[in-house]
2 protein chains.
Amino acid sequence: MLGEFEYLLITATASPGDEAYGAAIREEIQKNTRRSCSIGALYTTIDRLEQKGLLRTWMGAATPERGGRSKRMVRVTSKGVAAAKDFYQAVTRISQGASWVTGRAGEVS
Amino acid sequence: MLGEFEYLLITATASPGDEAYGAAIREEIQKNTRRSCSIGALYTTIDRLEQKGLLRTWMGAATPERGGRSKRMVRVTSKGVAAAKDFYQAVTRISQGASWVTGRAGEVS
DNA sequence: TAATTAGTTCTACATTGTGGTTCTAATCTG
DNA sequence: CAGATTAGAACCACAATGTAGAACTAATTA
């Protein structure tokens, strides 16, 4: 089963509307969640997910900006999408009836 | 942030309709998720959650059954409920727009 | 009094989470 | 051109969570 941060990373990467590469994914994460994402957390998790075949990465060309280094492009594989879906469904399923979902403070019926 | 299994455990414990004690929680988890939960996973996680103040446990009386040993009763604290709610909301929030939620394979609009 | 049994305790190791420091190669400045 | 500056990635270290299973405890049963 995916971890929560792995799920977050896959989701941010799969998010349409932006080129997915390391630093951009990090910004996406920080913007969406308002929690900081360290560089280490980012790339170690990318590495691990690629190992597991849930992401695919390749080096893109360098951009013509000051300091512009070649980017590590990232794409979620179909296996990665499946894993994310599993995680989401598991959490959703588990949560059925929980008071923090229904707002009913733990009633039975 | 809670881990996924921690969340599962809190949710199973908070689930109404059963006395929450170690072995029963384990059965609840296995029944609800169809995945096995080892004894070690169960009690180490209970210990850790109690350390963090998200659960409270105490020893109940022995039941008059063959082998009936006193049970470790478990209750989710209000802090535990809050943590579970946080986890759930984080996952829900992250997931907005994901193709595995909308079923639209990553469209933009 | 030995066998059986519900339930828990304890130990060990694998996987994920998280932060920061260092390295790389490109543009900019003088 | 040499040094300063900068976007971006690689790497290292350690903490927190996940997961298994063997050993222990105390009660009932035969």
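Below, chain A is the first sequence line, B the second, and so on; all start at residue 1.
Residues passing the ring-ring contact (aromatic ring centres under 6.0 Å, His included) test with A:F87, sequence neighbours excluded: A:Y7. Partners of B:E27 by side chain to side chain donor-acceptor pair (under 3.5 Å), not counting sequence neighbours: none found. For A:R26, there are no side chain to side chain donor-acceptor pair (under 3.5 Å) partners at least two apart in sequence or on another chain. Under the rule for a side-chain contact (heavy atoms from CB on, under 4.5 Å), the partners of B:T92 that lie at least two apart in sequence or sit in another chain are B:Y88. Legend: residues meeting salt bridge (charged side-chain N to carboxylate O under 4.0 Å, His left out) with B:R34, ordered by chain and number and at least two apart, are absent. In terms of the side chain to side chain donor-acceptor pair (under 3.5 Å) criterion, residue partners of A:E50 (sequence neighbours excluded) are, by chain and number, A:T57, A:R72. Among residues two or more places apart in sequence or in another chain, the side-chain contact (heavy atoms from CB on, under 4.5 Å) test is passed with A:S36 by A:Q30.
Atom CG of B:L54 is separated from atom C1' of D:dA16 by 14 Å (rounded to the nearest Å). Note: OH (B:Y21) to C1' (C:dT8) measures 12 Å, nearest angstrom. Rounded to an integer number of Å, the gap from B:Y43 OH to C:dA12 C1' is 19 Å.
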Check the interface with nucleotides 25-27 of chain D: list each N/O to N/O pair with the protein under 3.5 Å, or write none.
none

Could you list all N or O pairs between the protein and nucleotides 14-18 of chain C that sit under 3.5 Å apart?
{"from": "C:dT16", "atom 1": "OP1", "to": "A:K52", "atom 2": "NZ", "distance (Å)": "3.1"}
{"from": "C:dG17", "atom 1": "OP1", "to": "A:E4", "atom 2": "N", "distance (Å)": "2.9"}
{"from": "C:dG17", "atom 1": "OP1", "to": "A:F5", "atom 2": "N", "distance (Å)": "3.0"}
{"from": "C:dG17", "atom 1": "N7", "to": "A:R48", "atom 2": "NH1", "distance (Å)": "2.8"}
{"from": "C:dG17", "atom 1": "O6", "to": "A:R48", "atom 2": "NH2", "distance (Å)": "3.2"}
{"from": "C:dT18", "atom 1": "O4", "to": "A:T44", "atom 2": "OG1", "distance (Å)": "3.4"}

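Taken residue by residue, residues 75-85 of chain B places no heavy atom nearer than 4.0 Å to DNA chain D.
Taking only side-chain nitrogens and oxygens, B:R72 comes nearer than 4.0 Å to OP1 or OP2 of C:dT9.
Hydrophobic clustering, defined by side-chain heavy atoms of Ile, Leu, Val, Met, Phe, Trp and Tyr closer than 4.5 Å, groups B:M73 together with B:Y21, B:W58.
With A:S95 contributing its side chain and A:A98 its backbone, the two residues share no donor-acceptor pair below 3.5 Å.
Residue pairs meeting the salt bridge (Lys or Arg N to Asp or Glu O under 4.0 Å) criterion with at least one partner in residues 77-93 of chain A, sequence neighbours excluded, do not occur; the list is empty.
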